Amino acid sequence: MSCSHLSQIGALSPPRLSQSVHREECTQCFDNQDTPHGVDVCLACFNGACLDGDRQHALLHVTKLGHPFTLNVKRKPKPSTQRVHDEQPPAKMARLAILEEREEDKYEHTTVVKCWLCDPSKGLQLPDATKDPKISSLVHGVMDSLSSARQSEVKAWEEEILPCEHTLTLHQVVSGADLTHCSSCDLKENLWLCLTCGSLGCGRQQFGGVGGNGHGLSHFEASGHPVSVKLGTITPEGNADIYCYTCNDAKLDPELATHLAAFGINVQTQTKTEKSMTELQIEQNLNYEFSLTGDDGKALQPLFGPGLTGLSNLGNSCYMASVLQTLFSLPAFQERYNAIAKNHSMACDERLPADCVECQMHKVADGLLSGRYSHPANYAKKPENDDAPVFQAGLKPSGFKALIGKGHEEFSTMRQQDSEEFLTHLVTVLRRDAHKHKERAEPDATAIFSYGMEQRLQCGQCSKVRYRVDSMDIVSVAVPAKEKGKDAEGKTLYEEVSLWQCFETLLGTEALEYSCPSCAGSVHALRQNKFASLPQVLVVHAKKFQLVNWVPTKLDIPVILPDGDELVFTDSQLGHGLQPNETALPEDAQAAPSTPQFNEAAMAQLEGMGFPAVRCQKALLATGNGDAEAAMNWLFSHMDDSDIDVPIQAVAASSAEPSPEQIAMLADMGFSPAQGRKALKETSGHAERAVEWLFNHPEDTGEETSTTGPTNTTTAATYGGTKDVPARYRLKAFISHKGPSVHSGHYVAHVRVGDGWVLFNDEKVVKADGESVRALKGLAYLYVFERI
């Protein structure tokens, strides 16, 4: 059958460099180009969609957007890349390899142009369409461009390293430099050249057996010469590892070639022979292993099926994987983003599913819970006598990570992150999306974490009290560190601490100095925390840190859980607000008027585009003081506002009335004027904090209520949870961490399934043995308790 639409296909434009091409997998499920049907890439917007008979995401895209021309892409490994039975899966960090293997070297691709106008049910294949030079150019443009996943990965890895005053003002004292070994020892690798005097010193000992005695640091401490370059990382392009000891960070030297030439080093002749600091850190993170053997030494049993799907490590993404596995073990998230969100795709108002939080949450939920992707990895056939377990290949949530981390200073990168911080960020993103799309805001799965924490402050002199209640989602408890000795390797050992003891400390009374508004002077006061309400799911963050040289270092302090992994809260742990026999403290004196603080980086970017400063400030206020892109879009839609150039007025704190301008800006984000007014009052007129306050108090209508006296309490409508006691909780999951810091190392999740436990270690999903569960439970970083 011939097609009469070839001229329309030839008129389409290839993807621009800035466009994402989703040719690796469907944007609404994890079916990819390796499946028998492949992926259909839209030739108009370059969305990727599957051809599965049940989901039919390709047909859905054609129907919704009216884009009738696609390119079907299938892929299979070339024979040379098939692994033998004792080889590991492909390296996770090809980006960091000195010689990177290209995709075309590893895979064979099959492509065919399709017309859905000629066959509206499955698309008519046009194998001869590429004989048209224009269509051939279009196909080559799709296949030669960076895929969306690869584009996000490359962008995330490009860590922003900037010059500092020490690299920009470097003054060299040239002397003869011996570049054969460390000037203070015989080491010949991990060598750092002082760019001031040419002294060559070894670095500190690094992961993977790379030796070091810290003589480079010793040279800085003795001489004050701040900038050094790591030999072996210098490339002909003038790139290298440069470290400023004064700034204690990696820096850029714009004149590196000139500075190296002073010591007789020509960058054009250099070859990269050693791994950079980033490469070494990633290698360290990826090589942290949690035991995958049981008490009897046998390999733990891999598990497959619904709810037992692994997530491939995208490179430092284990913090995200552990959080996602934990969240989707909870019924509220399973129901909200799997069962309910299943019908969302047809009504989605985002142009592309890759840009929709709801679509991406459903994609992850479906991928983890359906069981379709939970099967042994398709490696080369194993020998008959090989008993080694075969794990899953794991899903690659690249699109989810790119969307959730978009615009965030940390989560948009490929660096290791804190799992507790990511959980907080994800909950915030989901709530903001729900506020933006009120038609699908209910049910709110994140509400299961919400509770109120009451703080009672009593003046030690006048005995008057003040109450406040904060809406919270995670209980952070400090774990006291009591050393009890060292092991055979010199590692510090700590005494065990019961989790309930940590709660007693959190809910205990502490003395502090306080400026009492009633006594008009500095006094001693007592402060005590109690729960104002208790959540459905209690997330406990065990803080086990110690500052070492001003760097938070994680401590392996064993935490002992109560019998049966259960916590019980009674009325004694609940607060009840101002009592009849108590007198409330008066309000604090009104603070001086202040202007909002603006995102400096976003301001500079917007002003660099030519927008006046006052317009930039208003745009940032209206969009939550976040990224420049959102502010720019606001500017384009408000260019004709009559008050666009009216200066922003300073706003007084607390009870002062916010300016109509700031209230209007919050109203532009979908909040009512009453909500905006109250949020600005609560946050002393700071718009960014007001936005955060609004998202943390979604039930607060902002209406003023009359009271008989200044109780200083927050109404129950502003926080979730319940006051019903006794409240009994049972451990559902916990996230463990190995490594010296929460920003390095490796995270895994254990989830209770029935009477047993399942270990989720990236793509490896195994039945956990009792002994490892008991050991890791005590060293967990996050505990998730379900109310029973």
Side-chain angles (χ1 to χ4, degrees), residues 95-100 154 157-208 210-283 413-415 549 551 601 604:
R95 166 70 172 82
L96 295 176
I98 294 174
L99 294 175
E100 182 178 350
V154 170
W157 270 117
E158 296 302 331
E159 183 178 1
E160 187 178 13
I161 299 178
L162 302 173
C164 67
E165 59 176 310
H166 309 103
T167 60
L168 293 173
T169 61
L170 185 67
H171 176 68
Q172 293 186 287
V173 182
V174 180
S175 60
D178 180 2
L179 303 182
T180 58
H181 61 83
C182 173
S183 59
S184 301
C185 67
D186 294 328
L187 284 180
K188 296 181 179 180
E189 61 180 0
N190 188 20
L191 299 179
W192 292 79
L193 176 70
C194 173
L195 288 176
T196 300
C197 68
S199 173
L200 193 63
C202 58
R204 286 162 279 197
Q205 189 170 5
Q206 298 166 352
F207 174 82
V210 179
N213 299 310
H215 290 138
L217 175 61
S218 299
H219 172 72
F220 161 70
E221 293 172 342
S223 66
H225 298 169
V227 183
S228 292
V229 59
K230 186 180 183 183
L231 299 185
T233 66
I234 304 169
T235 68
E237 294 78 21
N239 298 319
D241 256 17
I242 298 167
Y243 197 82
C244 177
Y245 286 106
T246 301
C247 299
N248 197 25
D249 202 358
K251 293 298 176 182
L252 182 69
D253 180 3
E255 301 297 329
L256 178 62
T258 302
H259 292 150
L260 288 174
F263 304 108
I265 299 176
N266 181 357
V267 297
Q268 297 298 323
T269 64
Q270 297 298 301
T271 302
K272 187 176 185 292
T273 60
E274 292 191 24
K275 295 176 181 177
S276 68
M277 299 300 292
T278 303
E279 291 172 334
L280 288 167
Q281 179 190 346
I282 302 310
E283 182 177 321
T413 73
M414 297 293 277
R415 295 189 292 270
N549 295 328
V551 176

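This is a predicted model, so every value here is computed, not measured. Heavy-atom basis, side chains included; hydrogens, waters and symmetry copies ignored.
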Of the non-hydrogen atoms in [X] and [Y], which two are nearest, and what is the gap between them?
X: W192; Y: K230; answer: CE3-N, 3.5 Å
X: S228; Y: Y245; answer: OG-CE1, 3.8 Å
X: L168; Y: P254; answer: CD2-CG, 3.9 Å
X: D253; Y: H259; answer: OD2-ND1, 2.7 Å
X: L252; Y: T167; answer: O-OG1, 3.0 Å
X: L195; Y: L260; answer: CD2-CD2, 4.0 Å

Practice task
Would you check if the side chain of T246 reaches a backbone N or O of P226 as a donor-acceptor pair within less than 3.5 Å?
Solution key: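 Between the backbone of P226 and the side chain of T246 there is no qualifying donor-acceptor contact (under 3.5 Å).
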
Problem - S183 side chain to L200 backbone, donor-acceptor under 3.5 Å - result: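 Indeed, once roles are kept as given, a pair shorter than 3.5 Å links the two residues.
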
Let me confirm one number: the [atom1]-[atom2] distance from [X] to [Y], rounded to the nearest 0.5 Å.
X: H219; Y: H225; atom1: NE2; atom2: NE2; value: 5.5 Å
X: T196; Y: H166; atom1: OG1; atom2: NE2; value: 10.5 Å
X: H181; Y: E189; atom1: NE2; atom2: CD; value: 14.5 Å
X: C197; Y: F263; atom1: SG; atom2: CZ; value: 7.0 Å
X: N213; Y: C202; atom1: CG; atom2: SG; value: 4.5 Å
X: L193; Y: I234; atom1: CG; atom2: CD1; value: 7.5 Å

Practice task
Please examine the side chains of C244 and D249, heavy atoms only from C-beta on, and report whether any two atoms are closer than 4.5 Å.
Solution key: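 A side-chain contact is absent here, since even the closest heavy-atom pair is not under 4.5 Å.
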
Exercise for the section: Answer with yes or no whether the side chains of N248 and Y243 bring together a donor and an acceptor at under 3.5 Å. Expected result: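 Yes - a donor-acceptor pair under 3.5 Å links their side chains.
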
